[in-house]
Amino acid sequence: MIFFPKNIVSEEQQGLFLSILALILLLMVPISGHAQTDSVLVSKLETYNIETGQRKVVYRTRNHIEAPNWSPDGSYFLFNSEGKLYTLPVGGGEPDQLDTGFATNCNNDHGFSPDGQWLAVSHSPEGEGSKIYVLPAEGGTPRLVTPRAPSYWHGWSPDGSTLVYPAQRNGEFDLYAIPVEGGEETRLTTAPGLDDGAEYTPDGKWIYFNSVRSGVMKIYRMHPDGSEIQQLTSNEEYGDWFPHVSPDGEKVVFLSYDADVEGHPPFKEVVLRLMPLDGGTPEVVVELFGGQGTINVPSWSPDSKRFAFVSYEFVSP
């Protein structure tokens with residue numbers, strides 16, 4: 001996500017900024033022997049099988065897509081593109097736009113309730129920052145959960161009662177929890193610097209997240225009340241983002257940039273790493289061109305054997 005101050009930068013200004021940023025990237029970065037001025041972006045929705053090591057392209061498009069979720073019933077993917085959400089059969093085919101009512105400026109922070117009945121989305125109303133809404137998984141009218149902005153959904157408690165999310169309050173990005181029905185939010189972290197990517201373990205005992213509190217972005221976990229914070233990754237070679245816990249509660253997959261990369265920008269050489277739930281030496285399982293939009297949200301298959309992600313490339317027109 002790219003953060004814009006609430007009520008200072010309009011949606012139109014945000015769009016103009018992102019367009020200029022994309023143009024700068026196209027002009028400055030040569031990829032695979034082709035200057036990006038002579039190339040077009042291709043997005044690929046892929047899966048990785050942790051048992052076989054097989055990497056499979058499920059869908060390929062010249063549209064910019066991001067952040068696939070794997071549906072709890074295992075039958076389809078959900079991803080975002082240009083503010084809208086789309087579903088795609090796991091076997092491939094053509095995507096269908098999901099009815100999200102008035103929420104047509106969604107970013108890449110979205111995901112299903114544990115029972116698969118509901119969907120949380122992060123939508124920015126005109127002139128405001130991102131807020132979290134809940135709607136039926138098959139589509140429908142969104143219901144506002146977080147009146148304060150910016151708030152970006154990242155996790156849903158196993159019992160379906162609570163959402164966790166990074167939010168900027170008083171100039172600091174920390175992690176918060178709120179009842180799914182709405183109400184008062186509870187601040188979970190207080191360290192200076194960015195905390196992001198909150199996600200529950202299937203047993204509800206831990207929340208995994210990434211934080212820059214050590215000086216370099218690393219993976220941490222804490223109890224749902226914010227207590228007993230533990231650092232799980234430490235290799236100074238990488239900056240680690242967006243930990244996603246497998247449904248069987250055994251593994252964590254996350255995105256790693258070179259440590260000198262600031263934030264989580266798009267269009268970088270990155271890796272996806274896999275480690276045991278309680279920590280240990282992470283294993284590089286996928287190398288790709290991506291970053292922002294690759295694996296921002298939970299994307300494991302229900303059987304914990306595969307996960308989905310998006311990679312990018314620039315090709316000749």
Side-chain angles (χ1 to χ4, degrees), residues 1-9 14 17-18 21 107-109 122 124 128-132 145-155 157 162-178 183-201 205-245 252 254-266 268 270 273 275 278-279 282 291-297:
M1 67 190 74
I2 296 176
F3 305 117
F4 298 94
K6 181 185 176 184
N7 295 330
I8 296 178
V9 181
Q14 292 179 27
F17 172 82
L18 291 173
L21 176 62
N107 56 53
N108 53 31
D109 297 318
S122 303
S124 298
E128 302 182 58
S130 175
K131 298 180 179 181
I132 301 172
V145 179
T146 59
R148 301 182 68 184
S151 302
Y152 302 88
W153 179 87
H154 269 273
S157 65
T162 305
L163 305 182
V164 287
Y165 53 98
Q168 187 181 42
R169 307 288 183 257
N170 301 315
E172 278 289 335
F173 269 99
D174 288 296
L175 301 181
Y176 291 80
I178 195 170
E184 293 295 320
E185 64 183 11
T186 300
R187 186 179 181 181
L188 301 178
T189 63
T190 59
L194 175 63
D195 295 328
D196 202 349
E199 188 173 315
Y200 286 89
T201 54
K205 293 181 179 179
W206 296 98
I207 292 173
Y208 279 63
F209 65 102
N210 53 283
S211 175
V212 76
R213 63 187 62 203
S214 70
V216 179
M217 191 63 75
K218 294 299 171 190
I219 305 301
Y220 293 78
R221 69 179 181 181
M222 62 184 172
H223 290 310
D225 62 359
S227 65
E228 199 175 334
I229 294 177
Q230 302 175 2
Q231 183 174 343
L232 298 178
T233 61
S234 58
N235 189 326
E236 294 304 313
E237 179 183 355
Y238 294 111
D240 303 322
W241 291 78
F242 306 133
H244 304 305
V245 181
V252 183
F254 55 92
L255 173 74
S256 294
Y257 291 89
D258 289 343
D260 60 356
V261 174
E262 295 186 9
H264 55 100
K268 294 286 186 179
V270 296
R273 300 203 289 162
M275 73 177 179
D278 295 329
Q292 167 74 315
T294 287
I295 193 167
N296 297 60
V297 292

Between Tyr238 and Thr233, is there a side-chain heavy-atom distance shorter than 4.5 Å? no

Give me the atom names and distance for the closest heavy-atom approach of His154 to Gly197. ND1-CA, 3.5 Å

Taking all non-hydrogen atoms of both residues, which atom of Ile178 and which atom of Gly183 are closest, and how far apart? CD1-O, 3.5 Å

So do Phe254 and Pro282 actually touch side chain to side chain, heavy atoms under 4.5 Å? yes

Less than 4.5 Å apart, any side-chain heavy atom of Thr189 and any of Met222? yes

Just jot down the side-chain contact (heavy atoms from CB on, under 4.5 Å) partners of Glu199, sequence neighbours excluded, or say none. His244, Val245, Pro298

Here the gap from Tyr176 atom OH to Gln168 atom CD, rounded to the nearest 0.5 Å, amounts to 9.5 Å

Donor-acceptor pair, distance only, cut-off 3.5 Å: does the side chain of Glu172 make one with the backbone of Gly193? yes

Donor-acceptor pair, distance only, cut-off 3.5 Å: does the side chain of Ser130 make one with the backbone of Ser151? yes

First locate atom CZ of Arg148, then atom NZ of Lys131, and finally report the distance between them rounded to the nearest 0.5 Å. 11.0 Å

At their closest point, which heavy atom of Tyr208 faces which heavy atom of Arg221, and how far apart are they? OH-NH1, 3.0 Å

Counterpart residues, side-chain contact (heavy atoms from CB on, under 4.5 Å), relative to Thr162 (two or more places apart): Ser157, Ala177, Tyr200

Non-hydrogen atoms of Ile229 and Gly226 that approach each other most closely: CG1-O, 3.8 Å

Main-chain N/O of Ile132 paired to Thr146 side chain as donor or acceptor, under 3.5 Å: yes

Counting distance only, does the side-chain N/O of Trp241 pair as donor-acceptor with the main-chain N or O of Pro243 below 3.5 Å? no

Out of curiosity, Asn108 CG to Ile295 CD1, how far, rounded to the nearest 0.5 Å? 12.0 Å

Rounded to the nearest 0.5 Å, what separation is found between the CD1 atom of Ile207 and the NE2 atom of His223? 10.5 Å

For Tyr220, which residues count as a ring-ring contact (aromatic ring centres under 6.0 Å, His included) partner, sequence neighbours excluded? Phe209

Might you point out which heavy atoms bring Lys205 and Thr201 nearest each other, and give the distance in Å? N-OG1, 3.4 Å

Find out whether Val145 and Trp153 are in side-chain contact, i.e. whether some heavy atom of one side chain is under 4.5 Å from a heavy atom of the other. no

Mind listing the closest non-hydrogen atom pair of Pro224 and Leu188 along with its distance? O-CD2, 3.5 Å

How long is the gap from OG on Ser234 to CD1 on Ile219, to the nearest 0.5 Å? 11.5 Å

Report the residue from Asp174, Asp195, Leu175 that forms a side-chain contact (heavy atoms from CB on, under 4.5 Å) with Pro166. Leu175

Taking Asn107's backbone N and O only, do any of them form a donor-acceptor pair with Ser122's side chain (distance below 3.5 Å, no angle check)? no

Could you grab the distance from atom OH of Tyr257 to atom CG of Asp240, nearest 0.5 Å is fine? 11.5 Å

Give a yes or no on whether the backbone of Phe242 and the side-chain of Asn210 come within a donor-acceptor separation of less than 3.5 Å. yes

In the structure I gave you, are the side-chain heavy atoms of Tyr152 and Tyr165 within less than 4.5 Å of one another anywhere? no

Strictly distance-based, threshold 3.5 Å: is any side-chain N or O of Arg169 a donor or acceptor partner for the main-chain N or O of Gly171? no

Ignoring hydrogens and angles, tell me if any N or O in the side chain of Arg213 forms a donor-acceptor pair with the backbone of Leu194 under 3.5 Å. no

So, do His264 and Asp196 sit near enough that their side-chain heavy atoms are less than 4.5 Å apart? yes

